[in-house]
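The sequence lines fix the lettering, A, B, ..., with proteins before strands; numbering per chain opens at 1.
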Amino acid sequence: MLEVNIVGQIEKQLKEGIEQAVIKAELASPEEMPEVVLETPKDKAHGDYATNMAMQLARIAKKNPRQIAEEIVANIDQEAASVKEIEIAGPGFINFFMDTSYLTDVIETIFDQGSDYGQSNNGEGKRVQIEFVSANPTGTLHLGHARGAAYGDTLANVMEKAGYQVEREYYINDAGNQIDNLAKSIEARYFEVLGEEKEMPEDGYQGRDIIELAKQLVEEHGDHFLQQEEEERLQAFRKYGLDYLLDRIKQDLEDFRVPFDSWFSETSLYTNGLVEQAVETLRDKGYIYEADGAVWFRSTDFGDDKDRVLVKQDGTYTYLTPDIAYHQNKIDRGFDQLINIWGADHHGYVSRMQAAIQALGNPKDILDIKIAQMVNLFENGEKVKMSKRTGKAVTMKELIEEVGLDATRYFFIMRSNDSHLDFDMDLAKSESNDNPVYYVQYAHARICSMLRQAEEKGIHVEDEVNLSLLTAEKEVDLLKRLGDYPQVISEAATKKMPHRIPQYVFDLASDLHSFYNAEKVLDLENIELTQARIALMKAVRTVIADALDLIGVHAPDQM
RNA sequence: GUCCCGGUAGCUCAGCUGGAUAGAGCAACAGCCUUCUAAGCUGUCGGUCGCAGGUUCGAAUCCUGCCCGGGACGCCA
């Protein structure tokens with residue numbers, strides 16, 4: 001089955017009708033034809049669709065837009081385009097009032113497709129890899145990671161639904177300085193737990209999680225490591241620390257409903273010689289030079305601010321070097337598109353990474369780097385800076401425990417990723433209609449409740465329901481909204497804006513509540529209409545549940 | 001100083017490929033429960049779209065400059 005998208009079909013029909021009318025009226029040749037722009041007017045009085053075609057043609061046809069509009073209208077085949085009424089307005093807008101009987105088809109489509117409704121082949125099966133979170137395994141996931149996790153996971157869901165083949169990957173920085181540092185930090189805490197003296201490294205990890213780790217180490221192994229040579233001991237702590245912290249990260253992500261398909265180890269890049277190879281490739285292509293005892297990448301050739309060091313004076317690599325190798329490896333794995341989701345604190349790193357991609361001979365736009373902007377927590381109207389418990393940044397786990405999983409997911413995805421986010425914890429926790437999560441979930445529960453009562457009252461929905469009875473204003477609003485869903489999905493996917501989903505589902509919930517207050521669904525006096533409305537309710541329920549599922553929020557049957 | 005993100009109603013934010021009178025929620029105000037969950041609905045009030053130029057028939061949207069807020073500018077990761 002190809003794309004079943006009623007609204008899309010209708011729009012396509014109308015666009016073709018307009019193009020044909022333009023040609024028939026000899027206003028423009030097919031080569032000159034501007035793209036037909038259809039918009040849905042904000043004001044219902046302006047029809048279901050409007051086009052600015054006449055204004056666009058003003059220059060080509062050398063006539064005034066109103067006159068052009070009249071000629072288009074005179075030549076359009078209304079019936080073929082399902083148009084009921086046309087009017088010309090303002091400077092030359094053509095407003096179309098559609099024959100809305102097609103709208104009820106959306107219910108049947110939703111029944112046929114169930115949770116597949118909204119799916120499209122927009123992505124044409126392209127292989128996309130989304131790399132996100134990728135926090136260093138030197139501590140616990142905190143607030144910023146949570147936003148990236150929610151954004152990445154929802155984007156992946158949405159893109160899958162829009163016909164992309166998506167792989168979710170986590171890059172584990174298990175090599176380099178910070179891991180040595182981790183081992184030394186663990187060592188210092190280990191000694192401390194055993195009442196011995198050992199200095200904490202200068203940039204050591206002070207977090208509470210490292211103290212807990214050290215305690216567990218003592219519980220399991222006693223003072224065993226005190227006897228060892230320092231080298232040997234640090235080696236053991238490295239491994240122990242990595243395993244311990246990575247396990248916790250994995251657990252936290254699982255608890256946040258964020259699954260990954262693959263976990264890619266930085267160390268593997270070294271053992272497979274890929275880091276060395278990346279440097280050599282760049283050298284062969286002439287983007288490498290040596291200065292001050294270091295090896296440099298001439299990234300300024302590709303728009304970076306300054307050139308970057310790849311191999312330091314001491315012979316070790318900078319962070320960038322394995323990262324270049326990593327990205328080349330991703331491309332070599334055959335993905336059509338790479339998406340990286342980075343925290344705001346890494347945005348200065350974007351241009352050098354993109355320079356490297358190009359220097360290696362790849363198209364620039366194969367890599368799209370999205371930035372998850374800063375998050376500020378607010379509680380009791382005040383900005384929360386430090387966690388009460390750890391004295392460090394608030395962890396993801398603490399946030400979920402405090403405000404709940406559903407609200408946390410919803411709030412992170414509610415806003416555009418590149419907007420700073422003020423996270424209102426009081427609102428997220430409140431069980432009131434002010435809280436958008438509850439508002440939407442309640443709409444779902446409300447429908448479930450109606451359906452339960454329908455059953456209790458012995459109302460059974462027949463196979464043949466007369467959907468043409470759904471003509472009330474609020475019903476038409478709901479039908480149109482349901483029809484929008486496939487387009488919302490594909491647009492959220494192609495523009496990588498998953499925040500469109502909570503926006504949409506909020507509007508759908510709002511339409512539902514409004515309908516609920518205006519019309520009575522269960523009416524034993526009018527079984528035929530009741531059945532049509534129950535069908536509508538079921539369709540709405542399916543779409544709310546699916547949209548919530550995309551953003552990782554539960555759709556409760558009752559509240 | 002350079003670069004990135006943001007600046008839209010009192011607050012938090014939407015605003016598509018440039019389109020008609022710039023939207024939503026909250027707050028404020030006025031209403032709605034003998035009716036399927038009031039965790040809901042309806043209405044009113046509220047805007048120099050940071051500022052100034054430019055492009056265009058038309059700019060919140062595109063271009064340039066400036067102002068404000070946040071962030072990044074390491075042979076750290």
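- The backbone N or O of A:A445 lies less than 3.5 Å from no partner atom in the side chain of A:S449, so there is not a single donor-acceptor pair.
- Taking the side chain to side chain contact (heavy atoms under 4.5 Å, CB included) definition, one finds that A:A443 meets it with A:A509, A:L512, A:H513, A:I544, sequence neighbours left out.
- Not counting sequence neighbours, the partners of A:S268 by the side chain to side chain contact (heavy atoms under 4.5 Å, CB included) test are A:F264, A:S265, A:T271, A:N272.
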Side-chain atoms of residues 322-329 of chain A: list all donor-acceptor pairs with protein atoms under 3.5 Å, sequence neighbours left out, distances to 0.1 Å.
unit_1, atom_1, unit_2, atom_2, d
A:Y326, OH, A:E169, OE2, 2.7
A:H327, ND1, A:D323, O, 2.9
A:H327, NE2, A:N340, ND2, 2.7
A:Q328, OE1, A:N362, ND2, 3.0
A:Q328, NE2, A:D332, OD1, 2.9
A:N329, OD1, A:R333, NE, 2.9
A:N329, OD1, A:R333, NH2, 3.2

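- Separation of the P atoms belonging to B:rA9 and B:rA24 is 14 Å when rounded to the nearest angstrom.
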- Could you summarise the pairing of RNA chain B as dot-bracket text, marking Watson-Crick and G-U pairs under 3.5 Å with ( ) or [ ] inside the strand and | across strands? (((((((..((((.....[...)))).(((((.......))))).....(((((..]....))))))))))))....
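- Listed pair A:K312 / B:rA77 meets the phosphate criterion, a side-chain N or O lying under 4.0 Å from OP1 or OP2.
- The stretch residues 288-300 of chain A touches RNA chain B through A:A291, A:D292, A:A294, A:W296, each having a heavy atom within less than 4.0 Å of the strand.
- For the pair A:N136 and B:rA77, the criterion of a side-chain N or O lying under 4.0 Å from OP1 or OP2 is not met.
- Residue ring and base: A:Y439 does not count as stacked with B:rA39 (centre distance below 5.5 Å and interplanar angle below 30° not both satisfied).
- Using a 4.0 Å heavy-atom criterion, one finds that A:R308 contacts no nucleic acid atom at all.
- Evaluation of atom-type donor-acceptor distances gives a pair under 3.5 Å for the side chain of A:N95 against the base of B:rA20.
- Applying the side chain to side chain contact (heavy atoms under 4.5 Å, CB included) test to A:E19 and every residue at least two apart in sequence or in another chain returns A:M33, A:V36.
- Applying the 3.5 Å distance criterion, the base of B:rG6 shares no donor-acceptor pair with the side chain of A:H420.
- Residue A:R446 places at least one side-chain N or O under 4.0 Å from the OP1 or OP2 atom of B:rA38.
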